[in-house]
2 protein chains.
Amino acid sequence: MATGTALHLENQLCFPLYVASRLLTKAYAPLLDELDITYPQYLVLLALWESDRQPVTALGQRLYLDTNTLTPLLKRLERKGLVRRERSTEDERKVIVRLSETGDQLRQRAACIPEKITGAGGKSALSRRQLDNFRRMLWQMIEQLG
Amino acid sequence: MATGTALHLENQLCFPLYVASRLLTKAYAPLLDELDITYPQYLVLLALWESDRQPVTALGQRLYLDTNTLTPLLKRLERKGLVRRERSTEDERKVIVRLSETGDQLRQRAACIPEKITGAGGKSALSRRQLDNFRRMLWQMIEQLG
DNA sequence: TAAGATTATATCGTGTGCGATGTAAATGTA
DNA sequence: TACATTTACATCGCACACGATATAATCTTA
């Protein structure tokens with residue numbers, strides 16, 4: 001790298017990552033608005049649709065989020081009637097998060113989101129192979145940093 | 001993609017992007033702590049070190065941020081004594097942001113950050129070629145979405 | 001088994017992001 | 001030149017992220 005250019009925005013890796021993440025999240029907004037949820041709330045629901053009834057910390061490990069972020073978020077999801085939070089009887093420290101009937105049913109309405117994002121130019125400029133490669137690099141990076 | 005797996009976290013592109021961005025930002029934290037700045041504040045400084053004296057909107061275009069985010073952030077940078085905000089005399093709508101003496105000097109202390117991040121495993125698992133490829137895909141995506 | 005360590009969750013404070021709205025300066029137009 | 005429109009910035013409200021701290025339950029171990 002040429003002298004003195006290390007601090008240039010273009011040469012950072014973190015900056016385009018930060019921008020791309022925000023822009024792609026923003027692309028979800030109109031679709032998630034229809035479900036009256038935010039993007040992080042959508043991620044929690046994805047995790048629960050995959051595997052219902054998880055303690056808060058398990059959700060956190062899945063989403064790389066701590067309870068200081070999750071607890072208030074889960075309370076909001078509970079207020080919306082999408083999940084329930086129940087203190088575990090076996091281990092009173094744990095709070096088990098599970099989908100409500102409504103939260104479970106929301107899955108049907110969310111089913112179309114991935115394809116809509118894919119089609120919306122979220123990644124249409126990249127080939128399938130590039131995408132897989134891209135995803136693999138992201139996960140490699142997460143493994144390194146996580 | 002197999003039926004019913006479109007909603008799985010692994011198959012999303014946005015999710016690993018979101019996680020990787022947060023984790024990489026977090027990797028900067030200890031380095032930026034020494035300079036008493038946050039990651040978005042660091043980005044503003046990078047932009048100013050590249051090109052000083054920019055109106056708020058120009059900074060926003062560079063960083064893909066709006067004034068609702070930038071104005072408070074710039075005020076915090078001003079409180080720290082790193083930048084100055086001055087109403088333009090030619091166009092009284094504009095506020096020109098420029099580095100203070102201290103803000104300018106901070107560049108020296110920040111110079112080591114990129115290499116420290118690179119070395120810290122931020123991307124050590126990826127070859128130089130993979131990295132360039134990765135960065136290119138990110139920018140391609142940003143162009144699509146921005 | 002009593003005391004210390006660990007675990008699971010919650011709370012607090014600060015700093016973003018961002019949609020929505022407000023306001024003053026500048027520009028376009030009839 | 002009046003007046004509508006646009007531009008540049010600021011403000012407000014809400015929802016994250018996250019470091020730091022608190023608290024109760026469980027586990028360890030002497």
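To find a chain, count down the sequence lines: A is the first, B the second, and so on, and within it residues start at 1. All values below were derived from every heavy atom in this structure, side-chain atoms included, with hydrogens, water molecules and symmetry-related copies excluded. All figures in this text were calculated on a predicted structure; none of them were measured in a lab.
When each of Tyr18(A) and Thr67(A) is assigned the nucleotide of DNA chain C bearing its nearest heavy atom, the one mapping closer to the 5' terminus is Thr67(A). Residue whose closest nucleotide on DNA chain C sits further toward the 5' end, between Ile96(A) and Lys26(A): Ile96(A).
Note that the CG atom of Leu106(B) and the CG atom of Leu99(B) stand 9.5 Å from one another [nearest 0.5 Å]. Rounded to the nearest 0.5 Å, atoms OH (Tyr18(A)) and OG1 (Thr25(B)) are 8.0 Å apart. Between atom CG of residue Asn133(A) and atom OG of residue Ser127(A) there is a gap of 8.5 Å, rounded to the nearest 0.5 Å.
The CG-P distance, from Leu65(A) to dG19(D), rounds to 12 Å in whole Å. For the pair Leu63(B) CG and dT16(C) C1', the computed distance is 13 Å after rounding to whole Å.
Within residues 31-59 of chain B, the residues that have a heavy atom under 4.0 Å from DNA chain C are, in order of number, Thr38(B), Pro40(B), Gln41(B). Residues of residues 68-95 of chain A that place a heavy atom closer than 4.0 Å to DNA chain D, in numerical order, are Asn68(A), Thr69(A), Leu73(A), Arg76(A), Glu90(A), Asp91(A), Glu92(A), Arg93(A).
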List the atom pairs, with distances to 0.1 Å, where a side-chain N or O of residues 30-40 of chain A and a protein N or O form a donor-acceptor pair under 3.5 Å, not counting sequence neighbours.
| unit_1 | atom_1 | unit_2 | atom_2 | d |
| --- | --- | --- | --- | --- |
| Thr38(A) | OG1 | Gln41(A) | N | 3.3 |
| Tyr39(A) | OH | Phe15(B) | N | 3.4 |

Expected list for residues 61-69 of chain B: side-chain donor-acceptor pairs under 3.5 angstrom, two or more places apart:
| unit_1 | atom_1 | unit_2 | atom_2 | d |
| --- | --- | --- | --- | --- |
| Arg62(B) | NH1 | Glu10(A) | OE2 | 3.3 |
| Arg62(B) | NH2 | Glu10(A) | OE1 | 3.2 |
| Arg62(B) | NH2 | Glu10(A) | OE2 | 3.3 |
| Arg62(B) | NH2 | Glu50(B) | OE1 | 2.8 |

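Taking 4.0 angstrom as the limit, Tyr64(A) places none of its side-chain polar atoms (N or O) nearer than this to OP1 or OP2 of dA17(D).
Not a single donor-acceptor pair under 3.5 Å links the side chain of Thr5(B) to the backbone N or O of His8(B).
For residues 136-146 of chain B, no residue pair satisfies the salt bridge (charged side-chain N to carboxylate O under 4.0 Å, His left out) rule, not counting sequence neighbours. Note on residues 70-81 of chain B: pairs passing side chain to side chain donor-acceptor pair (under 3.5 Å), not counting sequence neighbours, are Glu78(B)-Arg85(B).
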